[in-house]
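See structure below.
Letters go in sequence order (proteins before strands), and every chain restarts at 1.
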There are 2 protein chains.
Amino acid sequence: MRISKPTIDDVARVAGVSRATASRVLNDAPGASGPVRARVHDAVAALGYRPNETARALASGRQRTVDVLAITYGPNEGWLGGHPYYSRVLAGMMSVLEAVDVQLRLCAVGSDATPAAIDAIAANATAGAVLATVTPTMAARFHRRCRRAVSLVATAPSVPAIEADNVGGAYTAVQRLHARGRGRIAAIHGPAGNPCAIDRRTGYRRAMRQLGLPDISADGDFLRAGGYQAALRLLDRHPDLDAMFVACDLMAAGAVQAIAATGRRVPDDVSIVGFDDSVAAICANPPLSTMRLPVEEMAAAATRLLLAGTVPTGHRERFAVDFVERGSTPRSTA
Amino acid sequence: MRISKPTIDDVARVAGVSRATASRVLNDAPGASGPVRARVHDAVAALGYRPNETARALASGRQRTVDVLAITYGPNEGWLGGHPYYSRVLAGMMSVLEAVDVQLRLCAVGSDATPAAIDAIAANATAGAVLATVTPTMAARFHRRCRRAVSLVATAPSVPAIEADNVGGAYTAVQRLHARGRGRIAAIHGPAGNPCAIDRRTGYRRAMRQLGLPDISADGDFLRAGGYQAALRLLDRHPDLDAMFVACDLMAAGAVQAIAATGRRVPDDVSIVGFDDSVAAICANPPLSTMRLPVEEMAAAATRLLLAGTVPTGHRERFAVDFVERGSTPRSTA
DNA sequence: TGTAGGCGCGGAAGCGCTCTCAGCAGAAGG
DNA sequence: CCTTCTGCTGAGAGCGCTTCCGCGCCTACA
């Protein structure tokens, strides 16, 4: 029965070396060799010693933890649970962190977070942070206090960002629908303030204008039920609709259900293009044609940037958003 | 331009007090009062000071971080990205952690993780860990090195667990199907070694035996594509099937698509009950009737247990798994 | 006036580790 | 035999914070 966990001093004592030497071999640092290394390793094994990461971080000033900052919208619904987006961000980050044995820390703040709360997180994000869903204000604040940050949405110009071409994606979506012979293309947009929602709406409008088609829009909330309701409203007001561009798959899944509920068929009567290529898209029936947001890749890129060291202020990368064809759009260019 | 971040010593100096006193007021500890508190707070504000959590953790021996240990199955597919389960675990945990300002740390290990890797995580999980998906071996190992652990699946009897009644849930699912007049009830099970999969299979078999119905089983992998394929195989071999019990919603969503692909209708020709009540269930079309696994509640309970202090060895809680009726089962008791 | 007792505060010893620096051996060179 | 260099090793000073201990002061009670 051990009284308390063994420390590096115990290891050093058992191995008959100094603490400095023990530290050297534990870190594979040069300047220790021959039988000493072996003795230290034996001592580690004998004691079941595991270095204390906290002490290590304090002494070295380096942390093996990168943070992700995310806003929790409402109670229950916004944070991770409700939306597949977050899990994809985490998956992308973990895929690169796992290999280098760095841990990921989740920091949630409300959408009404005080600057002080942001500062507190920034002050402790030594290894850096990925800003997953943040307001421009928060991102700017965070970046002022912690340079090692990269955002996954476009914010203030100074804060490094890895963004998706949301405008282009929405534009493409409308084009595809039009190329398949659709002319009454409605849109279900995301929540008002959301930067992604704004961009996707912009892309839709731009395409519709260029195509000379009427803007038929409804507002949603990026959640399934919102998509369902919005689709119902749209169908009620515009019974002649033949396509919908929906700003996220979760809403699109709801829209498919709503369309089915009115007795129409997807994709024959109403075609749908979603956005995100999330798990919701493959679970819908028919599976959704959608605009693939390379979230995992973006998150991985952001993480690599952080791991590499300093992130140049104003750094910017833009990922393409590609069309993925599945069952909710007609195959032929009818 | 600050050279380096202010420390508590800076605060103490500016406030004209000792470091000990500054520490007291920063921690709202007794033994400091009157104008001193105000002076310290002023100094904090003036310097933009934020305590270093690492140093704090080292000195106090307490961490404001709870870990979640999860296995990454294959490349890309298992971890978070592929399965909605993880995001629900995280959501449940965050809902309680957020309120007490504790952070969550994700630790991923492969299914082939060495004991040493587990030990390393256990040694640093001061505040405790929720074992989300682990093998019984891993759980036992972890618990030996770190008593503050609670598993979300049943494992060795000694390791505290908060589990769902998977057996009972599966049993209920079959009963419901039978009560609605279904007699040819097939099952799509989860991967062989998975504890949850095993329990759900047990529940299915028990119910079928009691009902005097034939066991018609296929194996899946807890992913959508696996459910799709399994359903196709089942339908091919047993064209007279009138119901399916599917061990997870993701697979069930695939099964719905497969059934539709063979020209059958859900729920009229083939009824389906899924398992989990995940986002996949509400995205499917028709939305899936499913067995609700209260993952968020379980994860929250586990987290609260950890936060409360020591977890009694062998502690056990069992959550009920309830039937949620949606569109994939017939309304009437035809 | 004397002695407890309580309160606010400062001094200082760590928490477990890293890392600089100096020391000391042995090899190489004169 | 003495010097210079190199390569291991250990002593010790922190990293930024918490917390124990004890000192002085003030109030209370005898």
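Taking atom CG of residue B:Leu58 and atom C1' of nucleotide C:dG14, one finds them 9 Å apart after rounding to whole Å. Note: NZ (A:Lys5) to P (C:dC15) measures 15 Å, nearest angstrom. As rounded to whole Å, 11 Å separates atom C1' of C:dG16 from atom CD of A:Glu53. Atom pair A:Leu47:CG and C:dG16:C1' shows a separation of 15 Å (rounding to whole Å applied). In this structure, the CD atom of B:Gln63 is 18 Å from the P atom of D:dG16, given to the nearest Å.
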Base-contact (B) and sugar-phosphate-only (S) positions in nucleotides 17-28 of chain C, heavy-atom cut-off under 4.0 Å, - elsewhere:
BBB---------
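Between A:Arg56 atom CZ and B:Thr54 atom OG1 the span is 13.5 Å, to the nearest 0.5 Å. A distance of 11.5 Å separates CZ of B:Arg141 from OG1 of B:Thr135, quoted to the nearest 0.5 Å. Distance check: A:Leu106 CG to A:Leu90 CG gives 5.5 Å after rounding to the nearest 0.5 Å. Taken from CG in B:Leu26 to OG1 in B:Thr21, the straight-line distance is 10.5 Å, to the nearest 0.5 Å. B:Thr65 contributes atom OG1, which lies 9.0 Å from atom CG of B:Leu104 (distance to the nearest 0.5 angstrom). Between atom CD of residue B:Gln63 and atom CD of residue B:Gln103 there is a gap of 11.0 Å, rounded to the nearest 0.5 Å.
Between A:Met138 and A:Val109, some side-chain heavy-atom pair lies under the 4.5 Å cut-off.
By the 4.0 Å N-to-carboxylate-O rule, B:Asp10 lies close enough to B:Arg13 to be salt-bridged with it.
Axis angle across the helix from C:dT1-D:dA30 to C:dG30-D:dC1, with five pairs used at each end and values rounded to 10°: 50°.
Here B:Gly31 lies in heavy-atom contact (under 4.0 Å) with a base.
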